Amino acid sequence: MPKDAITNEPLIEMVNVTKIYPPDVAALQDISLRIYKGEILFLTGMSGAGKTTLIKLACCLETPTSGRIDVAGRDLSLISPAGIQRMRQKIGVAYQDFRLLDKQTVFQNISMAMEVTYASTKAIRERVEELLTMLNLSDKRDKLTGDLSRGEQQRVALARAAANRPSLLLADEPTGNLDLTTTKLVINLFRHLNEEHGSTIVVATHDESIYAETEHRVVALSNGHLSDHPRRTPQQGELFEA
Amino acid sequence: MHFLSYILRQTGKNLRQTWGTQLLTLLTVTLSVLLFAFFFLIYTNMLNAGKRLGDEVRLIVYLDQEITEQMRPELEKKIGDFGPVDKIVFVSRNEAFARMSAQLGQEKDVLNDLDPDFLPPSIEVYPLKNLKDLSKISQFSDFLLTLPHATKVQSGSDWLRRFGHFTNLLRVVVFLSGSLLIISMTFIVSYTLRLTVLSRQSELEILKLLGATRAYIRLPLLLEGMLQGFLGSSFGLAALYLLYQSIDSHFSNPGFLKLFDFAFFPAEITAAILLASIVLCTAGSLFSIRRFIRI
């Protein structure tokens, strides 16, 4: 989606969010952030800065210790378990640890995301083939994911996250195991989703090469605190002041 | 349509993944149903036989001399005063001989050398149905023995009593096999499902992250239990029917089965056993789902 087409309507709004893991590890402290519909946002920071925790909070894999998170205008803490599941169908998440089923094929792993939405077999086959082509994995279609390299597994995880053309795609270190060529394929996938389907993309990464030349907003996390980043876009990039 | 197709496909996948355990469970359910249904079939047939025998109860008072026509009304009144009767039949020596001759049919020649008066005269008393209680029959029998010229009363109450005891024992066996059926179905299906859940633990976790609904995850498991109940009880009942057919063809004529008019379950009972099995197995599945799945 072109930058000037980004709406002013926030898709995710975090207000004074703190996440403390027992016994007293503060992963995020008093974070306030808006992520707008149709936006591509880079979340940067060193390992342990809190990027993964923020991603997990956004997809309801974790609940905040304090503060409030709204997704599409709805307070996450008030959404029923069934509502959370329905919402997850519209959020694609590429986890840092991939979370693939090693004993299932690449096709089965990717199609699983569409099967839970009861998509037709034809639609699943077409979409999976399309993603495999985009990520240069066509020849791995029927291979067990356990037999793939880390880089290939990472692309399968990304394909699964993108399968439903999600409203929101959260990618945690999506290029950690990729070379420059495949990194470009992944970036192209993000761009395609954003431009063709209006997906909001949040990329958590410490790989500066991905966002160094970007015009999109970049926010940095450091020791659980959000800090302004020199590369943020002026019209959309304001950190939300609670 | 897609929903149903996914649920069925997922159920098939579950069954394939744990087919060994599934097969053992199916065998256990089948044997449990077969065991219960076997005893229940005997029990229902015994009940029917008992009812028929009860309907045919009569008391025979053997006498040491013939009852004259004049004495009959007085005896009928005396008997009627003690208890309500359906009918009273006086059988003379000659009538008894004629009956025996008729019963022997072609073998009646054996009676040629015997005196036609060798059989005792008797009175056959047919009590009304409300007097068919075994203790009342016994009291009636004691009373009839006090009639003039009565030497012996044959009521068959001892045999009926023993038959009643056997039926009661069978009721206990049916109860025990029914309990076994409930326990085996509920627990074994529940255990099998637990294995299914454990074998798919990582998959279920990922499905949850991808937004799978409760129905998507739980329905195939519930269907798995229902299928076990349906197939297990169908196989069990089919095996019992084959057993019944085999017994029926071997003992068809003349013999025990004809005497008792041995019959298979009517359609309603068969359907009830099927339904009960499905409900029990589904309950077992439900138990495991509620306990082991957190979605």
Side-chain angles (χ1 to χ4, degrees), chain A residues 55-56 58-62 71 79-105 108-125 145-146 153 156-157 159-164 166-170 172, chain B residues 1-23 192-227 285-295:
Chain A
I55 294 272
K56 284 180 176 175
C59 66
C60 316
L61 208 57
E62 299 277 3
V71 174
I79 301 178
S80 67
I84 295 279
Q85 289 309 104
R86 279 195 297 274
M87 200 179 72
R88 279 179 175 162
Q89 292 179 5
K90 294 173 190 159
I91 301 177
V93 187
Y95 298 94
Q96 194 172 11
D97 55 357
F98 313 148
R99 302 201 186 193
L100 298 172
L101 292 169
D102 290 350
K103 289 178 182 168
Q104 294 202 12
T105 65
Q108 287 169 330
N109 267 282
I110 301 171
S111 62
M112 197 185 283
M114 294 181 80
E115 282 176 1
V116 300
T117 66
Y118 307 113
S120 74
T121 312
K122 183 171 174 280
I124 292 175
R125 197 177 53 246
T145 49
Q153 287 179 352
V156 175
R160 187 182 63 189
N164 286 322
S167 313
L168 170 66
L169 190 138
L170 304 165
D172 195 359
Chain B
M1 188 63 196
H2 289 153
F3 173 77
L4 195 66
S5 145
Y6 275 112
I7 300 301
L8 291 175
R9 207 184 311 163
Q10 197 58 52
T11 308
K13 199 169 155 188
N14 289 352
L15 293 174
R16 275 198 306 279
Q17 273 179 354
T18 51
W19 68 270
T21 323
Q22 298 287 352
L23 215 60
T192 310
L193 212 80
R194 190 178 153 220
L195 289 182
T196 305
V197 171
L198 288 176
S199 74
R200 292 186 56 213
Q201 196 70 51
S202 50
E203 188 184 342
L204 294 178
E205 285 294 325
I206 290 173
L207 284 171
K208 188 178 165 186
L209 295 178
L210 293 173
T213 57
R214 281 164 69 98
Y216 186 88
I217 289 179
R218 292 180 177 217
L219 270 181
L221 298 169
L222 207 62
L223 210 61
E224 188 182 318
M226 288 170 85
L227 209 62
S285 305
L286 210 58
F287 176 76
S288 270
I289 290 169
R290 291 174 75 102
R291 191 156 172 214
F292 299 110
I293 295 182
R294 299 268 174 265
I295 182 169

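Model, not experiment: these values are computed from the prediction. Per chain, numbering begins at 1; letters A, B, ... match sequence-line order.
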Report the C-alpha separation of B/I206 and A/R160 in whole Å, then their side-chain angles, then the decisive distance to 0.1 Å, and conclude whether the side chain to side chain contact (heavy atoms under 4.5 Å, CB included) test is met. CA-CA 11 Å; B/I206 290 173; A/R160 187 182 63 189; 3.6 Å; yes

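In this structure, CZ in A/R88 is found 12.0 Å from CG in B/L207, a value given to the nearest 0.5 Å.
Counted within 6.0 Å of CZ on B/R291, heavy atoms from surrounding residues, nucleotides or ligands total 12 or fewer; the atom is thus considered open.
Looking only at side-chain heavy atoms (C-beta outward), A/Q89 and B/T213 come within less than 4.5 Å of each other. When side chains are defined from C-beta on, B/E203 counts as touching A/M112, because their heavy atoms get closer than 4.5 Å. The closest side-chain heavy-atom distance from B/I217 to A/Q85 is not below 4.5 Å.
Nearest heavy-atom pair across A/V116 and B/A212 is CG1-CB, 3.6 Å.
Proximity to chain B is absent for every atom of A/A82, based on heavy atoms less than 4.5 angstrom apart.
Using cut-offs of 30° and 60° for the angle between ring planes, the B/F3 and A/Y118 rings count as perpendicular.
Within residues 95-104 of chain A, the residues having any heavy atom less than 4.5 Å from a heavy atom of chain B are, in residue-number order, A/Y95, A/R99, A/L100, A/L101, A/Q104.
The closest donor-acceptor contact from the side chain of B/Y6 to the backbone of A/A119 lies under 3.5 Å.
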